[in-house]
There are 2 protein chains.
Amino acid sequence: MEATAPTLSRKAQIDQTATALFRTRGFAATSMRELAEALGLEAGSLYSHIKSKQELLHRICFRLADDFFAGFAAATHDAAEPAAVQLRRAIESHVRVLTQDVAASAVFLHEWRHLSEPARTEFLALRERYEAGFRLLIQRGIEQNDLRTPDVAFATLTLLASLNWLPSWYKPDGKLPPSEIAHRLADQLLLGLANS
Amino acid sequence: MEATAPTLSRKAQIDQTATALFRTRGFAATSMRELAEALGLEAGSLYSHIKSKQELLHRICFRLADDFFAGFAAATHDAAEPAAVQLRRAIESHVRVLTQDVAASAVFLHEWRHLSEPARTEFLALRERYEAGFRLLIQRGIEQNDLRTPDVAFATLTLLASLNWLPSWYKPDGKLPPSEIAHRLADQLLLGLANS
DNA sequence: CCTACCGATCGGTAGG
DNA sequence: CCTACCGATCGGTAGG
């Protein structure tokens with residue numbers, strides 16, 4: 001019956017617990033013994049479910065990357081829309097992915113550098129491609145006269161930076177629902193803090 | 001005569017090299033043997049200059065904290081100025097500290113959680129106090145009718161987030177001088193991306 | 001999934 | 001600043 005608790009496969013349980021530990025203690029500072037203990041088993045037993053510690057990090061980082069790309073694609077699917085509207089949708093999608101699994105997002109944002117090669121290089125290429133998507137939206141928004149900025153690349157980095165700080169303070173049980181957070185972030189970034 | 005290279009004390013050399021390693025590889029993943037090798041000596045020899053690995057992290061993090069506070073105090077010294085002007089100065093000061101030593105800034109921003117207690121708690125209290133300073137400026141800017149935002153705490157976090165992403169892409173030899181970067185960041189954050 | 005273990009490496013110290 | 005070393009812990013494996 002197990003009414004409330006969702007039944008996760010052992011592998012999914014390991015992923016989830018590893019994500020939480022990597023987030024709070026960092027990848028390098030988390031030992032496989034800690035992870036095993038958090039799951040209530042012995043260190044050696046982990047290896048009947050996973051190949052290595054590195055594999056855990058790899059799966060976390062690349063699953064998130066997939067989610068970000070899927071969300072971006074959906075947000076910009078309607079080519080008839082103004083770029084500024086697509087940008088707003090893309091911001092909301094980005095926030096949705098971040099808030100859906102804050103722990104995994106934090107690992108994605110801060111622990112990717114511990115990926116071993118060639119995964120690390122591959123990861124950076126994906127991230128660059130994702131940023132390029134936002135850059136293009138801002139560029140087109142300027143051409144359509146809806147946006148303005150002296151430096152598109154600069155503006156893109158700043159925008160994503162504001163969004164990516166979210167996992168460091170967002171609490172899933174907070175009073176603001178993710179959609180409202182996304183809305184406010186988009187407003188603040190697009191309209192600024194200055195009055196008129 | 002050692003014309004160009006500044007003569008650093010051995011301890012300062014250790015700090016500097018440790019900062020660079022902690023930044024690129026992370027605190028936990030950096031071994032004292034790596035650090036020693038980068039300095040051209042044996043691991044054991046480090047301990048005639050420092051007490052522990054932890055001491056290195058502590059010094060880096062708290063020196064930066066001092067710099068941020070000193071800059072903020074100078075930026076907001078003139079109580080006769082409108083809060084919005086003080087805020088702009090504080091943003092510029094923050095960017096100046098970040099760009100002055102990007103490696104140390106990155107360690108300050110990402111490796112502080114490896115501080116052992118009670119330093120870690122003390123550090124978080126300092127950070128909270130610093131954020132409160134920005135929050136107050138934004139609050140007063142609203143009262144003086146120069147700023148607007150539905151949520152001051154939210155706006156403060158977003159603003160600092162945008163600034164704090166800088167060490168992850170800033171290159172000291174880039175074409176934009178720090179003052180210009182500060183100016184653009186302040187503009188983008190205060191005025192937004194939207195046209196009119 | 002456990003027991004028992006491997007070689008490697010860790011932060012740090014003693015003695016010079 | 002080096003040599004030589006300490007106990008502890010690391011990721012991972014063999015065999016069951």
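Labels below follow one simple rule: chain letters A, B, ... track the order of the sequence lines, proteins then strands, and each chain is numbered from 1. As the structure is a computational prediction, the values presented were derived from the model and not from experiment.
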Novice: Side-chain donor-acceptor contacts of residues 72-80 of chain A below 3.5 Å, not counting sequence neighbours, with atom names and distances?
Specialist:
unit_1  : atom_1 : unit_2  : atom_2 : d
A/Thr76 : OG1    : A/Phe72 : O      : 2.9
A/Asp78 : OD1    : A/Ala80 : N      : 3.0

Novice: Rounded to whole angstroms, how far apart are CG on B/Leu41 and P on D/dC2?
Specialist: 5 Å
Novice: Please list every stem that involves DNA chain D, where a stem is a run of 3 or more consecutive Watson-Crick or G-U wobble pairs with both pairing distances under 3.5 Å.
Specialist: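 Expected stems, ordered by start: C:1-16 with D:1-16.
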Novice: Tell me, which of residues 10-30 of chain A have any heavy atom that sits under 4.0 Å from an atom in DNA chain C?
Specialist: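 When residues 10-30 of chain A is checked for heavy atoms under 4.0 Å from DNA chain C, the hits, listed by number, are A/Arg10.
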Novice: Can you name the side chain to side chain donor-acceptor pair (under 3.5 Å) partners of A/Ser162, sequence neighbours left out?
Specialist: B/Ser162
Novice: Among all residues two or more places apart in sequence or in another chain, which pass the side chain to side chain donor-acceptor pair (under 3.5 Å) test with A/Glu180?
Specialist: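 Counting only residues at least two positions away or on another chain, A/Glu180 forms a side chain to side chain donor-acceptor pair (under 3.5 Å) with A/Arg184.
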Novice: Just the rounded figure in Å: distance from P of D/dG11 to CD of A/Glu37.
Specialist: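 These atoms are roughly 14 Å apart.
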Novice: Looking only at atom types and distance, does a side-chain atom of A/Glu117 sit under 3.5 Å from a main-chain N or O of A/Thr121, one as donor and one as acceptor?
Specialist: yes
Novice: Over how many whole Å does the gap from A/Leu46 atom CG to C/dC1 atom P extend?
Specialist: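 So the CG-P distance, A/Leu46 to C/dC1, works out to 10 Å.
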Novice: Using whole Å, report how far CG of A/Leu56 lies from C1' of D/dG11.
Specialist: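 Rounded to whole Å, this separation is 12 Å.
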Novice: Identify every side-chain donor-acceptor pair in residues 123-134 of chain B under 3.5 Å, counting partners at least two apart or on other chains, and give the distances.
Specialist:
unit_1   : atom_1 : unit_2   : atom_2 : d
B/Glu128 : OE2    : B/Arg135 : NH2    : 2.9
B/Tyr130 : OH     : B/His94  : ND1    : 2.7

Novice: Run the side chain to side chain donor-acceptor pair (under 3.5 Å) test against A/Arg96 and tell me which residues pass, sequence neighbours left out.
Specialist: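 Counting only residues at least two positions away or on another chain, A/Arg96 forms no side chain to side chain donor-acceptor pair (under 3.5 Å).
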Novice: Measure from the side-chain N and O atoms of A/Ser52 to the backbone N and O of A/Glu55, and report whether any donor-acceptor pair falls under 3.5 Å.
Specialist: yes
Novice: Does any pair with a residue in residues 22-34 of chain B pass salt bridge (charged side-chain N to carboxylate O under 4.0 Å, His left out), and if so which ones, sequence neighbours excluded?
Specialist: B/Arg25-B/Glu34
Novice: Report the distance from atom NE2 of B/His114 to atom P of C/dG11, rounded to the nearest whole Å.
Specialist: 12 Å
Novice: Please list all pairs meeting salt bridge (charged side-chain N to carboxylate O under 4.0 Å, His left out) that have one or both residues in residues 154-176 of chain B, counting only residues at least two apart or in different chains.
Specialist: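 Qualifying pairs, neighbours excluded: none.
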Novice: Can you name the side-chain contact (heavy atoms from CB on, under 4.5 Å) partners of B/Ser45, sequence neighbours left out?
Specialist: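 If we apply the side-chain contact (heavy atoms from CB on, under 4.5 Å) test to B/Ser45, skipping adjacent residues, the hits are B/Leu41, B/Glu42.
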Novice: Output yes when at least one side-chain N/O atom of B/Ser48 is less than 4.0 Å from OP1 or OP2 of D/dC1, else no.
Specialist: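 Indeed not, no polar side-chain atom of B/Ser48 lies that close.
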Novice: Look for any protein N or O under 3.5 Å of an N or O in nucleotides 12-16 of chain C and output each such pair with its distance, or none.
Specialist:
unit_1 : atom_1 : unit_2  : atom_2 : d
C/dG12 : OP2    : B/Tyr47 : OH     : 2.9
C/dG12 : OP2    : B/Lys53 : N      : 2.9
C/dG12 : O6     : B/Arg33 : NH2    : 3.4

Novice: How close or far is atom P of D/dT9 from atom CG of A/Leu35, stated in whole angstroms?
Specialist: 18 Å
Novice: Can you list everything that forms a side chain to side chain donor-acceptor pair (under 3.5 Å) with B/Gln139? Sequence neighbours excluded, please.
Specialist: B/Glu143
